[in-house]
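The structure appears below as structure tokens.
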Amino acid sequence: MRIIVCVKQVLYTGGAFEIDPQTKQAYPKNTEPIYMTNRIDRSALEEAFSLRKEIGGEVITITLGPDRAAAVVYSCLASGADRAIHLISDDSKANDAYITALGLSRAAAELGGDMILCGTRSSDEGSWQVPPMMAELLNLPQVTSVIKIEVCSGQKKVRAVRRLERGRREVVECRLPAVIGVEAAIREPRYISVRSHLVSARSEIERRPMESLSKGSEGMTPLTRLVGFSPPRPRPKKLAQPDASMDVADRINFILSGGMAKKEDSKLIEGTPEKMAGQVIEVLKREGAIKTH
Amino acid sequence: MAGTQESYGIVQGYVLFWGLFLIALGFFARRGIQLLRYLPLGRRLGRFDSPWARIGSALSQVFLQRCSLRRGVSSKDLAGIGHAILFWGFCLFLFNYIVYIFIGDGLGFAPALENTSFTRYFSHVLDIAGIFIVGALIWAFVRRYILKPERLVASAEAAVILALIFILMLSHFAMESFRLNAMGGGSAPVTPIREALAGFFAWMGMEVKLQKSLWMALYWVHYGLILGFLVYLLHSKHMHILASPFNLLFQPSRRVGSFSTLDGESPEAVPGADIGLLSWKHLLDLYSCTECGRCQADCPATKAGTPLKPKDMVLSLKRYLLDEGDELIKVRRLGEGSTGKSALGRGIVGDTVTEAELWACTTCGVCQEECPVIVEHIDRIVSLRGSIIEKGMIFGSLAKCLESLQLLGNPWKYPPGERTNWAENLPVRYAEKGQEVDFVYWVGCSGAYELKGQEISRALVDIFKTLGISYAIIGTGEKCCGEPARRLGEEGLFQKLARENISTLKKYRFAKIITHCPHCFNMIKNEYKDMGGDFEVIHHTEFLAELVERGKIPLRGFERRVTFHDPCYLGRYNGIYDPPRKVLQAIPNLNLEEMSSHRQHAMCCGGGGGHMWMENLSGQRINYLRFAHVEDKRPEVLVTACPFCKIMLDDACSYRKLSGEIKTQDIAELVQLSMGEA
């Protein structure tokens, strides 16, 4: 089975950030930007390894990003991927989920995978859109928020458990090939030692500019444009301060038992996916969020 | 002069003597070669420096029995004295065998040796030694089989060895007494004991002819037992007789705290077979283990009921080496293509030694402090941990700690940019290129990020300010010293952090580094040298003690009942026990009471060896066990000199709901309070 995993390099978002008004990029305040592999993608990769161990096959990773994203490609090799491909893009285009999905899906189409695994979202942009967009572009079925994968029917189908809100689970059966967006809970990624990184840094990775894929630069215009960027407004919260002379266990109990969260009335839409989609569209039309022709 | 002079049927005594000897020697040599051949299965290790110092140290440890007499009279069981008696007695008897039996009887020099004054004198000495040996043996037998202290196993092998030596002694006395009666006072040496026994046998009415036959018989029994022992030696734990002097010859430069600098970069450095992770010295350790169990008796992980039992681990590995050694040599000859598991499919990590055992160690060093032959448990455990790390099969909080170190330069998952937040609004000076200061204050990750650690660093900079000390901190350029990485077996990560820190430190001009964290202190002082960083480092307790001695710190009365917990990395690793006590004793009205387990024998707080970042998977919590010692003393303040100890013991204090009564504070905090009391 050929499993393609999309692994993204993301910006580490811990600590204080300031925003450059011109480039509309966020930069950490006191240090150089730190880049890392998207944690959920690492879980996806680990799931791919588990499937490879179980049913055999190969795992190929694709990373779309600028030159600095090569580090992620090498670490995919270090963790055990059979092939790791670096799709080189420039920074500005990669911000748009559509361009990302376009590049990744063209590469995936070229490779011809049986299963395409992605993290459901990335920890820096967090658009949640790439897996569904890829599925549309590839004309493949999609299952998202997956926390368990079971390959069945002679590797022609997959049974996926989806994590829904409030602890509910949904089991979806889907034919392969498919695009599957996974959550971090699907599998804990293995640790990659520094030595493994150093060793993999000596191997060859495949580098392709995004434009070199089929259809070249055709259609590579972003569908969205970033117009603004502002830090969140801190909301003042009133917290009862526990007495410092109490011991830790009592202080925690104090904090946990104090303060009630306010619940707002929520309008829940229920029904079949088609019915729910129709109702959502009605709401959006009513609010003027979408243009009707 | 004895059996060799006789003839037995067609066989001459001489022939029998040397024939038996050659057979025994043959078995002995064959086994010895087999054992020696296994040693190169281990990786290389440089222990060939300062040969004369090493030889001198080994000789004095062995022949003065300093190895056994370390605890002296302060030990609970005086067993070391028993061993010393047996050893010195054994040396005298060995001399006797070589000179009188092999050279004397075997080579025919007996007549020349017989009537000398040396022989007369020596016989007395030998008999006294024999009495002492018998006494020590009885004592050993009573301890092991009747009193049964926990660390001693009532094994069959131990009984055989005790019985063997006992019979040798008895047969020696009986034999020499029969000889006296048979040969008359002429050629047989006379001692009071032999005379008495000979008199007894005569009084019993035994014929001289019978006594002569008994003498001959016992002579061969005695000889046979000696040869038998020679062969049995290398098949029992008594191989330590030959291995341990070499273990002491190749001992680490420090009793606790010597770690191998492994190759952190190349794939070849991670061998296919786990045996390649151990050095030849670790394998020699397996031969040198005397099975005394002192390591296990004081190990905190064992006390807490985890799967780790140091002695058992050594013996399992020894069993593995002896069982699989031949197979492993074959596999190695075939090359790295094979998995390194034997035909039986047994490897080390996961098979002979479980992962849980390897992670349970806190690297506290009690095992090495107690071991008479300095078996290097910690380095071995850390080397084997590397196997698990390189396979990537670590998860949970441990993986998060190491990933955080790789990405963010600290094990706490805090952003690197926040490393100096603790110093906000404090008049702290940052190191600048070109400016010279006396000290670089190495804050460490706990001192920078952890609440309880920040209390220490804030107290210390306040002390620096009051005393007008010239110092600077590195700031956000400071990274974790790498100690957790190294102890967890992630050698590559340690080396990366070490190199980065060393190059950062080399940018600045300063005389010494001062730090409040014993882990950082130990790491930068002792282990950065191999990575190219030779710095002078002092711990803040040494710094404060020196100032106190010179009367430079104005300390006001501070009335408290306190007890001091010795950090492993300050005490056992670096021998620093007195400076913190000097500081505490200099504070007027401070009443210091020692816990019963203190100084070299202080129990670990449970935070070392990467445990600060591990979930407690098995056994009790070591910090809770240690806190029971503190509770015994009920101090008002538990004084620590290590941020880990402070965190671990304060947590135990909360668990026991005693946070209101017992405060856990660092020495720096106490000194700051005492300086401020007006």
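Sequence lines set the chain letters: A, B, ... in the order given, protein chains first and strands last, and positions in each chain run from 1.
- Of all heavy-atom pairs spanning A:V199 and B:S266, the tightest one is CG2-C, 4.2 Å.
- Within 6.0 Å of OH in B:Y655 there are 12 or fewer heavy atoms belonging to other residues, nucleotides or ligands.
- Heavy-atom pairs under 4.5 Å with chain A were tallied for B:L407, B:I389, B:L398, B:L658; the largest tally goes to B:L407.
- Within 6.0 Å of the CZ atom in B:R44, the count of heavy atoms belonging to other residues, nucleotides or ligands does not exceed 12.
- A distance of 12.5 Å separates CG in B:L402 from CD1 in A:I192, rounded to the nearest 0.5 Å.
- Taking all atoms of both residues into account, the shortest heavy-atom contact from B:E403 to A:R190 is OE2-O, 4.2 Å.
- Annotation: maximal heavy-atom pairing with chain B below 4.5 Å, among A:S196, A:S193, A:G14, occurs at A:S193.
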| request: Please assess A:K29 against B:E418 for the test salt bridge (charged side-chain N to carboxylate O under 4.0 Å, His left out), listing each intermediate value before the final yes or no. | output: CA-CA 10 Å; A:K29 245 187 187 160; B:E418 290 179 7; over 6 Å; no
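- Around atom CG of A:L164, more than 12 heavy atoms belonging to other residues, nucleotides or ligands sit under 6.0 Å away.
- Of the two parts of B:Y414, only the backbone, made up of N, CA, C and O, holds a non-hydrogen atom closer than 4.5 Å to a non-hydrogen atom of chain A.
- B:F395 contributes atom CZ, which lies 9.5 Å from atom CZ of A:R187 (distance to the nearest 0.5 angstrom).
- Distance check: B:L493 CG to A:R195 CZ gives 11.5 Å after rounding to the nearest 0.5 Å.
- Looking only at atom types and distance, the side chain of A:Y191 has no donor-acceptor partner in the side chain of B:E390 under 3.5 Å away.
- For CZ of B:R458, the number of neighbouring non-hydrogen atoms (other residues, nucleotides, ligands) closer than 6.0 Å is greater than 12.
- Side-chain contact between A:H197 and B:K496 is absent, with no heavy-atom pair separated by less than 4.5 Å.
- Contact of the B:P415 side chain with the A:Y12 side chain is registered, since non-hydrogen atoms from C-beta on lie closer than 4.5 Å.
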